[in-house]
Protein chains: 4
Amino acid sequence: MIHFECDYACGAHPAVLKALVETNEEQHCGYSEDDRCAAAAGLIRELCHCPDAAVHFVVGGTQANLLVIDAGLRPFEGVLCADTGHINVHETGAVEATGHKVLPLPSTDGKISAAQVEAAVLAQRNDSSHEHIVRPAMVYISHPTEIGTLYTRDELTALSETCHRLGLTLFVDGARLGYGLAADETVDLPFLAGVCDAFTIGGTKVGLLFGEAIVITGEAYRDFFRYRIKQRGAMLAKGRLLGVQFEALLKDNLYVEASRKANRQAQQIKQAFVEKGFPLFCDTVANQIFIVLPNEAVRALEEQYVITVWGKVDEQHTAVRLVTSVCTRDEDVEALLARIATL
Amino acid sequence: MIHFECDYACGAHPAVLKALVETNEEQHCGYSEDDRCAAAAGLIRELCHCPDAAVHFVVGGTQANLLVIDAGLRPFEGVLCADTGHINVHETGAVEATGHKVLPLPSTDGKISAAQVEAAVLAQRNDSSHEHIVRPAMVYISHPTEIGTLYTRDELTALSETCHRLGLTLFVDGARLGYGLAADETVDLPFLAGVCDAFTIGGTKVGLLFGEAIVITGEAYRDFFRYRIKQRGAMLAKGRLLGVQFEALLKDNLYVEASRKANRQAQQIKQAFVEKGFPLFCDTVANQIFIVLPNEAVRALEEQYVITVWGKVDEQHTAVRLVTSVCTRDEDVEALLARIATL
Amino acid sequence: MIHFECDYACGAHPAVLKALVETNEEQHCGYSEDDRCAAAAGLIRELCHCPDAAVHFVVGGTQANLLVIDAGLRPFEGVLCADTGHINVHETGAVEATGHKVLPLPSTDGKISAAQVEAAVLAQRNDSSHEHIVRPAMVYISHPTEIGTLYTRDELTALSETCHRLGLTLFVDGARLGYGLAADETVDLPFLAGVCDAFTIGGTKVGLLFGEAIVITGEAYRDFFRYRIKQRGAMLAKGRLLGVQFEALLKDNLYVEASRKANRQAQQIKQAFVEKGFPLFCDTVANQIFIVLPNEAVRALEEQYVITVWGKVDEQHTAVRLVTSVCTRDEDVEALLARIATL
Amino acid sequence: MIHFECDYACGAHPAVLKALVETNEEQHCGYSEDDRCAAAAGLIRELCHCPDAAVHFVVGGTQANLLVIDAGLRPFEGVLCADTGHINVHETGAVEATGHKVLPLPSTDGKISAAQVEAAVLAQRNDSSHEHIVRPAMVYISHPTEIGTLYTRDELTALSETCHRLGLTLFVDGARLGYGLAADETVDLPFLAGVCDAFTIGGTKVGLLFGEAIVITGEAYRDFFRYRIKQRGAMLAKGRLLGVQFEALLKDNLYVEASRKANRQAQQIKQAFVEKGFPLFCDTVANQIFIVLPNEAVRALEEQYVITVWGKVDEQHTAVRLVTSVCTRDEDVEALLARIATL
């Protein structure tokens with residue numbers, strides 16, 4: 001079976017694996033206090049044009065989300081997000097387990113707007129019972145979103161301005177950031193670092209064995225962040241593994257270039273479906289595509305491919321998701337394109 | 001100013017105050033392990049036709065809700081409720097502070113249906129990513145609801161059947177239960193005890209200085225419940241005060257009779273507005289009424305009365321809530337009726 | 001049976017009950033935003049010579065403790081206290097339920113010293129693994145302590161200086177503060193307000209039906225404290241009851257005078273035991289006394305009196321605690337004195 | 001600098017790295033639901049003679065500890081452990097962050113006894129205020145302990161019997177289990193599986209890049225454990241990495257044989273210190289050794305070696321810890337032995 005259901009079906013990108021093998025015998029002190037992590041963090045600061053950023057590495061995205069969100073909220077405060085946001089629907093209540101309410105807003109194309117944020121904040125603040133209502137104090141968005149869409153530069157600027165004017169912080173979940181950076185170069189790392197208070201550079205879905213870099217650009221969240229990492233079980237003993245991998249992934253623009261290739265593969269697959277007359281469930285520009293297929297076409301594909309059933313459209317049709325990654329092989333894409341042509 | 005904005009503006013019903021005064025010099029052991037609490041608990045078991053019920057007394061409704069809900073859920077489980085439910089909107093995230101996600105469902109007239117519960121439960125269980133989604137394990141409803149409506153016997157039976165067939169428990173928040181019992185006698189204490197796993201008999205809003213009785217009729221929630229009460233700071237040192245008050249309130253059918261009078265007062269007020277041509281925001285049968293008034297009428301009323309602004313309807317109109325309680329004086333109602341007639 | 005086992009066996013002091021009865025028909029807005037609470041808070045600020053103090057009222061001591069401690073700590077921080085401290089041994093893990101570790105220190109006469117605090121703080125800070133160790137950030141003491149002893153002015157000054165020099169805050173649990181104020185007038189309210197960041201004025205054990213006043217004198221803990229109260233289920237709907245009671249208790253020096261009488265009763269009882277040759281388990285000056293009795297004397301007393309068995313001393317002897325309160329009747333003390341004389 | 005300060009300074013054991021490289025291009029579904037994890041879990045069940053064990057893989061030891069402990073406790077329950085236990089002193093309050101109190105017992109040689117557990121449990125249960133005291137419901141021990149000592153077969157049997165007779169569960173933290181198995185073959189995997197309710201097979205400190213296997217042998221803790229893993233951010237997206245590594249480590253007895261070599265290296269180092277007349281801080285048989293050295297000898301060693309300063313013994317002497325691992329090179333040991341000889 002060939003996997004197109006997610007971007008974490010393979011191991012590591014060859015360059016990352018090579019770095020791990022080459023450094024395996026090195027000795028380092030533990031818990032990401034080593035030279036490898038320092039080098040990777042330095043590279044990130046440089047790429048972000050943000051020499052003062054605090055950079056932390058953790059193994060997984062749920063860890064990154066719960067750590068930053070808990071750091072950004074007092075117990076009675078909540079985090080606004082899209083109703084489709086990962087923290088609201090696919091982390092088994094990880095944020096709630098830290099005691100905070102997730103405050104979902106209706107989303108359009110997986111996104112929420114500055115106007116929605118402002119309305120939600122003012123509704124709570126102007127309510128005579130405001131003390132009885134969870135206080136919105138943070139906005140969480142994903143870029144790309146859960147359904148593969150991208151925020152524009154203007155949308156991000158507006159969210160940033162609104163959050164900061166109202167005293168909220170803005171956190172961007174970049175679990176698939178590489179694919180976003182490759183798909184829209186106007187939202188690059190320095191821009192992102194400028195608009196939000198923290199964001200993650202996702203590694204797990206972009207060619208690492210594992211790893212997310214948490215980049216804290218503002219003053220919020222910073223204090224004693226490593227204590228938080230340890231308390232939540234997110235401090236890797238052999239922390240150098242995170243530094244080694246991120247350094248390999250980020251240098252020489254590999255992060256964006258390899259993502260660009262994956263985007264191209266995904267868009268080729270999308271095009272093949274479209275050319276066969278299958279409608280898009282929603283349109284995307286990065287490494288995820290969403291198509292509506294007749295049920296029998298789904299079954300036919302599933303004989304050779306693992307894909308994600310996204311939802312039932314009607315009795316005869318199903319929305320499916322296909323995903324490429326920096327590890328997707330061209331030969332697998334070509335075989336799939338051929339298969340689609342015969343559906 | 002005369003208060004019609006809530007049902008907790010006064011002190012205690014005279015019968016309750018009398019009982020507190022008469023027993024003030026009694027000496028009892030602490031923490032509700034006294035004879036007064038035992039007597040009140042016995043009376044509740046009798047009224048519920050439920051000799052095996054576990055009965056606990058706490059000071060407030062938020063305490064009761066968070067205690068029962070936390071007792072009914074494992075950390076990764078959530079509680080389904082109406083989007084307008086008190087736990088979702090007016091307890092500052094008290095349930096989330098115990099680590100659990102509140103799972104709101106769209107409500108109609110403040111109510112949710114058995115079909116909605118079933119759909120939500122099956123959606124999670126049948127999802128291939130179900131382990132990444134908070135597991136619905138409990139249903140929370142209020143009777144009367146937040147907007148003063150009542151569940152029918154059939155609706156409650158259907159909710160109960162659905163919950164228990166799917167392995168969920170059903171918890172009924174009875175913060176205003178007296179007014180509900182008085183307004184629809186087909187949903188009485190024995191019926192309620194039969195359909196749910198736990199419910200509360202609200203005292204604070206029905207004439208006590210404070211106090212909610214938690215009645216656990218099923219096997220769920222029971223174990224070591226007093227440890228939970230203590231851990232959450234909800235164990236009253238002079239616990240006998242809860243027993244004394246509940247005994248005074250519940251004996252001789254005072255709970256229902258006094259509530260009936262308050263309902264009648266509220267309905268008189270509603271009628272007065274209707275007769276003046278003001279539309280109902282939503283119709284109710286118990287002690288809360290919701291009217292749409294021109295803004296100037298609101299301002300006029302607010303010169304003498306404290307009422308609750310429920311929401312803006314349009315530029316010229318506002319929805320307001322007026323509430324009576326077992327402590328509402330007839331003379332205050334009569335004066336208000338006269339005032340409405342001149343609006 | 002006559003109760004000498006605790007200071008919460010009775011109802012309210014007559015002056016408090018009278019105030020509740022007299023104000024029962026008043027109408028007030030809820031949640032302690034009423035005039036009665038404002039008046040009581042004003043009186044407390046005046047008595048403390050602390051016009052800027054934030055004053056909040058809650059029902060019980062465990063609530064007060066968990067609220068202040070959670071407000072004073074980040075998630076990875078802990079609170080230092082005596083190993084015998086109430087939060088460490090008698091609140092069913094209420095502090096841990098808010099996510100924080102309690103850091104007990106060995107106590108002498110129920111007390112901890114500034115030197116112990118400093119050593120514990122430096123041990124963590126200077127450890128190369130400090131990020132893996134809970135960070136002490138707050139000190140909790142009780143005055144009087146759990147075993148009825150009192151901190152001296154010098155001890156409190158030293159604790160205060162050490163805490164503030166090291167960046168910790170100091171919180172004093174005054175569940176029995178009245179008895180302490182009456183027993184050692186050098187530690188009065190203005191002094192206390194000056195040395196700590198917050199303290200409680202206990203009402204439950206000093207003649208109220210219920211109620212603890214949280215007095216926040218410093219900048220720490222203040223922000224949005226009412227949100228915390230609501231979230232933890234500690235916001236009383238008929239909040240005015242707290243204001244009414246505290247006003248009655250605190251005016252005309254009743255708090256101290258009534259406590260002084262209770263202390264005198266307790267010391268008379270202690271003297272009676274001593275004169276009969278029974279040794280003290282530990283010596284105290286306020287409303288609790290601790291005596292070592294032969295087991296048969298314990299059994300003899302228990303025929304008429306409820307007392308607390310504090311612990312087994314040896315096969316033949318038991319340490320017991322007797323407690324008086326502002327509600328203890330002189331005739332009960334006299335009868336007890338007579339009974340002791342015949343043991 | 002050569003690292004002897006911990007057992008996680010290197011990368012992976014060569015056999016483990018080889019397996020990761022060889023399987024890098026395999027495609028697997030995520031979240032440890034793949035064939036590699038199934039194979040590793042099967043191998044563990046076989047090695048433990050425990051065909052019904054539930055086996056889960058997580059990245060780190062703090063994750064494993066907090067997951068199992070939270071699964072084994074109701075909110076008001078606590079876990080007994082040695083005062084030196086990792087959860088009590090070196091996880092930044094990770095257990096408390098899940099809401100539970102850690103209940104430390106004085107330890108001897110890093111160990112606690114069945115008699116201590118029984119006494120602690122009965123003290124709580126027989127206290128008249130037991131509802132106000134955290135309820136001991138679980139015992140946590142480490143094997144080897146934090147200071148490198150081992151429980152004997154008899155000690156473990158007694159702990160097991162006591163726990164189960166009193167209704168507690170027993171959890172063994174095996175972060176360094178390989179070194180323990182190699183040092184005392186009478187405590188092998190089948191024996192361990194038989195005495196406790198769950199234990200971990202540590203990988204991080206025994207040659208994996210990362211990874212701990214949680215082996216649940218009893219009925220406790222099992223339900224929905226994967227939901228817990230996800231909620232706490234401990235579910236690895238590319239979960240197959242855990243399966244691949246554990247399979248490589250556990251097959252052909254590599255886990256024990258490689259550990260045995262590390263133990264031998266550590267004991268050689270210990271012997272070299274002893275022969276030079278330096279006293280042991282405590283005696284051990286596995287991969288950690290503790291020596292008391294003159295301060296100048298510590299400084300001399302630290303010129304070439306990273307070692308752990310364990311504590312100050314007196315003004316002139318310091319206790320240090322040296323640790324070997326399955327990745328320690330013989331040439332580094334030999335050089336160290338030569339250096340010790342010249343101290």
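As a basis for the values below, the full set of heavy atoms in this structure was taken, side chains included, without hydrogen atoms, waters or symmetry mates. Note that the coordinates shown come from a computational prediction; the quantities given were computed from them, not determined experimentally. Lettering follows sequence order; numbering is per chain, from 1.
- Using bins of under 30°, 30° to 60° and over 60° for the plane-to-plane angle, the ring pair D:Tyr221/D:Phe171 lands in the perpendicular bin.
- Most heavy-atom pairs under 4.5 Å with chain D: of the set A:Pro14, A:Gly99, A:Gly233, this distinction falls to A:Gly233.
- Taking the six-membered ring where the residue is Trp, A:His86 and A:His90 present tilted rings, their angle falling between 30° and 60°.
- Using a 4.0 Å cut-off between a side-chain N of Lys or Arg and a carboxylate O of Asp or Glu, D:Lys18 and D:Glu22 qualify as a salt bridge.
- In plain terms, the two heavy atoms of A:Gly11 and A:Leu209 that are nearest each other are C-CD2, 3.9 Å.
- Of the listed residues D:Ala64, D:Ala94, D:Cys327, the one with more heavy-atom pairs under 4.5 angstrom with chain A than any other is D:Ala94.
- With a 4.5 angstrom heavy-atom cutoff, D:Val306 does not touch chain A via any of its atoms.
- Between chain A and the residues D:Asn65, D:Thr204, D:Leu208, D:Leu17, the most heavy-atom pairs under 4.5 angstrom are made by D:Leu17.
- The greatest number of non-hydrogen atom pairs below 4.5 Å with chain A, out of D:Leu20, D:Thr23, D:Val58, D:Thr62, is found for D:Thr62.
- Ranking D:Gly30, D:Ala234, D:Cys29, D:Gly239 against chain A, the residue ahead of the rest is D:Cys29, based on heavy-atom pairs under 4.5 Å.
- Between A:Lys261 and A:Asp330 there is a salt bridge, since at least one side-chain N of the basic residue sits less than 4.0 Å from a carboxylate O of the acidic one.
- Within the 4.5 angstrom heavy-atom criterion, atoms from both the backbone and the side chain of A:Ile2 approach chain D.
- Judged by distance alone, with hydrogens and angles left aside, the side-chain atoms of D:Gln265 form a donor-acceptor pair with the main-chain N or O of D:Thr328 at under 3.5 Å.
- Of the atoms belonging to D:Cys6, not a single heavy atom falls under 4.5 Å from chain A.
- Taking a cutoff of 4.0 Å between a charged side-chain nitrogen and a carboxylate oxygen, A:Arg74 and A:Glu77 qualify as a salt bridge.
- Chain A forms the most heavy-atom pairs under 4.5 Å with one residue out of D:Glu96, D:Lys238, D:Gln63, D:Met235, and that residue is D:Lys238.
- Heavy-atom distances place the side chain of A:Asp332, and not its backbone, under 4.5 Å from chain D.
- Contacts of A:Met1 with chain D are made by backbone atoms alone, with heavy-atom separations under 4.5 Å and no side-chain atom involved.
- Side-chain atoms of D:Lys101 do not come within 3.5 Å of backbone N or O of D:Val79 as any donor-acceptor pair.
- Salt-bridge check for A:Glu247 with A:Arg36: passed, with a basic side-chain N closer than 4.0 Å to an acidic carboxylate O.
- Looking at A:Arg228, neither its backbone nor its side chain comes within 4.5 Å of chain D, counting heavy atoms on both sides.
- Contact of D:Glu26 with chain A is made through the backbone alone, with heavy-atom distances under 4.5 Å.
- Looking at A:Glu5, the atoms closer than 4.5 Å to chain D (heavy atoms on both sides) all sit in the side chain, from C-beta outward.
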